[in-house]
> 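Provided herewith is a single structure, encoded as structure tokens, for subsequent inquiry.
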Amino acid sequence: MSEPLPHEPDPPTGPAETAETAEKAGPAEAAEARRLTDELRAAVAEPRTAALVLTRRVRAARHGRVWTALGFPSWDAYALAELGLSRPTAYRLLDLAAVAGAIEETVGREAGPQLAHGWDAWPVLSVQAVVDLRGRLAELTDLITERLARVRAEADGAAPQPALVGAAVADAVAELRERPDVPPVDLQGVRGPDGHDVEAWRHVVARGLDAQQQVLGGFRELGLLALRVAPGYVADRDAEAVLHLLGKELGSTCEELLACRRYALTGDARAVEGR
């Protein structure tokens with residue numbers, strides 16, 4: 001007669017481990033804690049690293065005109081066939097890569113190459129942020145340069161802290177997104193018409209620019225309202241019905257709201273010219 005097998009405890013049938021039960025399990029040993037911390041740090045860094053790698057590879061593909069070498073007529077045709085990306089997404093990637101490249105170059109020049117890739121790409125460069133910054137890279141890099149000059153001054157000769165560099169980039173992006181997209185004018189080069197005092201004329205021009213900025217700011221607010229009820233992926237013809245109703249509530253028109261919506265999407269003031 002065979003010996004009976006030793007009894008094994010039944011597997012646990014309770015709920016999966018939660019944060020509370022994990023805390024009650026007791027602290028990990030130092031070596032295990034270090035291993036878990038290293039894994040957590042890598043997991044936190046992975047999304048931003050992936051974003052920066054993506055933007056560098058997009059720039060390399062764009063620079064090398066890979067679509068031509070592979071027999072495609074355009075970037076969007078290549079992106080659809082090889083990457084499965086729609087035309088808007090393909091061009092959005094190019095915009096993202098251009099903005100990220102400008103930021104990396106500026107940070108590397110102003111804060112050191114070791115920090116050129118140390119800012120958070122995804123939190124800083126959301127889809128809407130990239131749309132807002134399109135065509136405004138010179139303004140953006142100038143603003144980042146100003147912010148990083150303050151960071152260097154506060155560091156008093158020491159290497160800037162990565163967190164402060166990242167915060168400077170994020171602040172510059174946020175500030176520029178709040179500014180209306182108005183073409184810069186060199187007031188020092190403005191000459192008054194015959195019979196007008198030059199300084200008085202410059203004052204009039206400066207006030208006019210301020211007024212234009214306020215007007216464009218109002219158009220952008222209208223555009224953002226329009227995007228709340230008719231998101232950017234909705235075609236104009238499909239957005240007309242709801243924007244017509246919104247226009248009646250606001251004392252505006254569907255055509256004006258469509259133009260403001262395009263301005264909010266593109267950041268190009270030409271979308272609201274003549275409004």
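All of these numbers come straight from a predicted model, not from anything done at the bench. Sequential numbering from 1 along the given sequence is applied to the chain's residues.
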> With rounding to the nearest 0.5 angstrom, report the CG to CG distance, L148 to L143.
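Separation between the atoms: 9.5 Å.
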> Can you find a heavy atom in the side chain of R62 that is under 4.5 Å from one in the side chain of W67?
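They are in contact (side-chain heavy atoms under 4.5 Å apart), so the answer is yes.
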> Quick one, L222 and Y263 - any side-chain contact, counting heavy atoms below 4.5 Å?
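Not in contact.
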> What is the distance from atom CG of D236 to atom CG of L258, rounded to the nearest 0.5 Å?
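Output value for this atom pair is 5.0 Å.
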> Could you tell me whether R136 and E139 have a side-chain N and a carboxylate O separated by less than 4.0 Å?
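E139 and R136: salt-bridged.
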> To the closest 0.5 Å, what do you measure between CZ (R261) and CG (L225)?
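Going from the CZ atom of R261 to the CG atom of L225 covers 13.0 Å.
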> Is the shortest distance from a Lys or Arg side-chain nitrogen in E104 or R59 to a carboxylate oxygen in the other one below 4.0 Å?
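Looking at R59 together with E104, the answer is yes, because their closest N to O distance falls below 4.0 Å.
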> Does atom CZ of R57 have more than 12 heavy-atom neighbours from other groups under 6.0 Å away?
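Open: at most 12 neighbouring heavy atoms sit under 6.0 Å from CZ of R57.
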> Can D132 and R220 be counted as an ion pair, charged N to O under 4.0 angstrom?
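Looking at R220 together with D132, the answer is yes, because their closest N to O distance falls below 4.0 Å.
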> Treating T89 as the side-chain partner and L85 as the backbone partner, does any N or O pair qualify as donor plus acceptor under 3.5 Å?
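Judged by distance alone, no pair lies under 3.5 Å.
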> So, do L80 and S86 sit near enough that their side-chain heavy atoms are less than 4.5 Å apart?
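The answer is no; the side chains never approach within 4.5 Å.
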> Given side-chain contact (heavy atoms from CB on, under 4.5 Å), test W75 with V58 step by step and report yes or no.
CA-CA 11 Å; W75 162 259; V58 170; 4.3 Å; yes
> For the residue pair R262 and V272, establish whether any side-chain heavy-atom pair is separated by less than 4.5 Å.
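With C-beta onward as the side chain, the pair stays apart.
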> With distance as the sole test, does R177 use its side chain to make a donor-acceptor pair with the main-chain N or O of L133 at under 3.5 Å?
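No; judged by distance alone, with no hydrogens or angles, the pair does not exist.
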> Within the distance-only criterion (no hydrogens, no angle test), does the side chain of R109 pair as donor or acceptor with the backbone N or O of A116 below 3.5 angstrom?
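No: the side chain of R109 does not pair with the backbone of A116.
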> More than 12 non-hydrogen atoms from neighbouring residues, nucleotides or ligands closer than 6.0 Å to CD on E105, yes or no?
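Atom CD in E105 is not packed in, count stays at 12 or less.
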> Rounded to the nearest 0.5 Å, how far apart are CZ of R228 and CG of L246?
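The distance works out to 10.5 Å.
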